[in-house]
Protein chains: 2
Amino acid sequence: MTPAIAPDIAVVRSHSAKRHSILDAAAGVFCREGFAGANIDLIAAEAGVSRQTVYNHHGDKENLLVAVVREITERINAGVFETLATFPDKPVNLEAELVDFAVRLNQNCLCNRDGKFLRKLLQTEGERYPELFSGWREHGPAKTWAALAARFARLAHAGWLDLDDPDVAARQFLALVNADLQMAMIFGDSVSEEQLRAAAANAVRCFLRAYGKARPHGT
Amino acid sequence: MTPAIAPDIAVVRSHSAKRHSILDAAAGVFCREGFAGANIDLIAAEAGVSRQTVYNHHGDKENLLVAVVREITERINAGVFETLATFPDKPVNLEAELVDFAVRLNQNCLCNRDGKFLRKLLQTEGERYPELFSGWREHGPAKTWAALAARFARLAHAGWLDLDDPDVAARQFLALVNADLQMAMIFGDSVSEEQLRAAAANAVRCFLRAYGKARPHGT
DNA sequence: GACGATTTGGACAAGCCTGTCTAAAAATAT
DNA sequence: ATATTTTTAGACAGGCTTGTCCAAATCGTC
């Protein structure tokens, strides 16, 4: 009754490839047009798939949105986790390494395609379907801030920083990193590698002027 | 041929009251539902007006959106200008006065009903109708930043601040002021007066740690 | 009270979109 | 090669929305 293993995964692969393609196209269209304005024919066309196939895979327009949001938040969370692991815990040149870290953060999480999509979907559909994002809301930014705050606290303990409140400092770091990019992002402009580095450099310079110490006490 | 003055302004008053009511309702609906999802019947109902009257006043759905955006950007610009005039040019207690200024900025411009609407409309329709916001884009944030930067530069000249680049400092000031409110705003939560003051206090403390001088040289 | 303009409610056509159905086509595994 | 499953293209009903038209009603002024 159950088929052999090989055919199953072969079917699943094609199946999953189409599924992924649909999710990708849907993310783009939902993001551009909003949920109400999104046209399933257009999604199907952009996915290179017939409309019926979209319905076969996800059943409903609303269901499709749910799947898209789940996919994106999962990828975002993975990206944040991965990038957070590259935080300079044992810096040699703190300023340079924080700048690199900030650039990675922007490239992998905030200025990302996924980051842009999540931000936009959140803004357009967040109030209408609050339960859609409630999972991310609980496990997303709060955890990121806490993790970043812990890193900064460790840096402070090692004598690199002078912090009153690591949580506040973490939020301020993220805010500063985005300071020069907000307008570009809100207008949907693309940001060059150059702009990204300059923004990160400005942010880190300000951050270290506020919270940096001249030398770690260990040296 | 031309009627007397009184009837004219009386007619215009009722006319303009309805017009304003429609614009107000339309702003709310466009913002909640997006352009595609906005229902003109709903706008009319929320404005307390018949659908036909909406068409009489603004002709077209797209036209209505244009009118809404124009109205909001004009009000926002006025609010920014007004608030900017309350910048502490001759401070006694710089930290306290900057905190007050930041609170005003948030209340009158950023966390405002208008501010929220503009942000959301910009995000949802900005890429589809770029020319809609091009006017604000040119004359809005850039001018605000420049004006704020000039104030900071004057403060630096008076010995209160130590700035490399006033423009960067102005952007960072605004970014810091929003640091603690971003999540609340993105989720559409309302922010209490308390949160607003706390956020402003955190922002100003960080800003002054980075750029403040102990005393102005004039004293 | 009469007059002119505005507003109203409802009817209406036209278009678009969702979601379903069906039969043909394509792809895959055996 | 055949059988099974997936995919496709198209038609289709149903619903909703925009924008227009029109006759009745309302409002403010003379």
Side-chain angles (χ1 to χ4, degrees), chain A residues 1-26 28-30 32-68 124-125 128-129, chain B residues 1-26 28-30 32-68 124-125 128-129:
Chain A
M1 211 174 252
T2 47
I5 296 172
D8 208 350
I9 59 169
V11 166
V12 165
R13 182 136 68 98
S14 141
H15 208 69
S16 120
K18 282 206 189 305
R19 190 189 166 80
H20 193 270
S21 163
I22 292 170
L23 246 41
D24 226 48
V29 175
F30 278 143
R32 280 208 317 274
E33 320 282 344
F35 180 72
N39 185 325
I40 292 205
D41 285 344
L42 183 59
I43 293 177
E46 250 172 64
V49 147
S50 95
R51 176 175 63 239
Q52 187 60 36
T53 304
V54 177
Y55 283 104
N56 285 344
H57 279 254
H58 297 98
D60 210 347
K61 192 181 179 183
E62 197 164 327
N63 226 309
L64 181 55
L65 175 66
V66 172
V68 165
T124 53
E125 317 298 339
R128 196 200 315 271
Y129 307 103
Chain B
M1 207 173 251
T2 46
I5 298 170
D8 208 349
I9 59 170
V11 166
V12 165
R13 182 137 66 99
S14 141
H15 208 68
S16 122
K18 282 205 190 304
R19 190 188 166 79
H20 192 269
S21 163
I22 293 170
L23 246 40
D24 225 49
V29 174
F30 279 144
R32 280 208 317 274
E33 320 281 344
F35 180 72
N39 185 325
I40 292 205
D41 285 345
L42 182 60
I43 293 176
E46 249 171 66
V49 148
S50 97
R51 175 175 63 241
Q52 186 60 36
T53 304
V54 176
Y55 282 105
N56 284 345
H57 278 254
H58 297 99
D60 210 347
K61 191 180 180 184
E62 198 164 325
N63 226 309
L64 182 55
L65 175 67
V66 172
V68 166
T124 54
E125 317 298 339
R128 197 200 313 271
Y129 306 104

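All values derive from a computational prediction rather than experimental measurement. Every chain is numbered from 1 and lettered A, B, ... according to where its sequence line falls, protein lines coming before strand lines.
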**Complete:** Sorted by position of nearest nucleotide on DNA chain C, 5' first, the leading residue of A:D60 and B:V49 is B:V49
**Message:** Counting the atoms with a prime plus P, OP1 and OP2 as sugar-phosphate, which does A:H57 contact under 4.0 Å by heavy atoms, base, sugar-phosphate, or nothing?
**Reply:** sugar-phosphate
**Message:** Within the 4.0 Å heavy-atom criterion, would you say B:A38 contacts the bases, only the backbone, or no part of the nucleic acid?
**Reply:** sugar-phosphate
**Request:** Consider the side chain of A:N39, meaning its heavy atoms from C-beta on, and name the nucleotide among C:dT18, D:dG19, D:dT8 that approaches it most closely.
**Result:** C:dT18
Using whole Å, what does the distance between atom [atom2] of nucleotide [N] and atom [atom1] of [X] come to?
{"X": "B:D41", "N": "C:dA11", "atom1": "CG", "atom2": "P", "result": "13 Å"}
{"X": "B:E33", "N": "D:dT18", "atom1": "CD", "atom2": "P", "result": "11 Å"}
{"X": "A:E62", "N": "C:dC17", "atom1": "CD", "atom2": "P", "result": "19 Å"}
{"X": "B:R51", "N": "C:dT6", "atom1": "CZ", "atom2": "C1'", "result": "17 Å"}
{"X": "B:K61", "N": "C:dA14", "atom1": "NZ", "atom2": "P", "result": "21 Å"}
{"X": "B:L64", "N": "D:dG19", "atom1": "CG", "atom2": "C1'", "result": "13 Å"}
{"X": "A:N56", "N": "D:dT5", "atom1": "CG", "atom2": "C1'", "result": "11 Å"}
{"X": "A:F35", "N": "D:dC16", "atom1": "CZ", "atom2": "C1'", "result": "15 Å"}

Going by heavy atoms in the side chains, are [X] and [Y] under 4.5 Å from each other?
{"X": "B:F30", "Y": "B:L64", "result": "yes"}
{"X": "A:K61", "Y": "A:I40", "result": "yes"}
{"X": "B:N39", "Y": "B:V29", "result": "no"}
{"X": "B:L23", "Y": "B:H58", "result": "yes"}

**Message:** Can you see if the side chain of A:S50 gets near the phosphate of D:dT7 - specifically, an N or O under 4.0 Å from OP1 or OP2?
**Reply:** no
**Message:** OP1 or OP2 of D:dT8 versus the side-chain N and O atoms of A:T53: is any pair under 4.0 Å?
**Reply:** yes
**Asked** Do the side chain of B:E125 and the main chain of B:F35 share a donor and acceptor less than 3.5 angstrom apart?
**Response** yes
**Asked** Hey, which of these two, B:Y55 or B:Q52, hits DNA chain D nearer its 5' end, going by closest nucleotide?
**Response** B:Y55
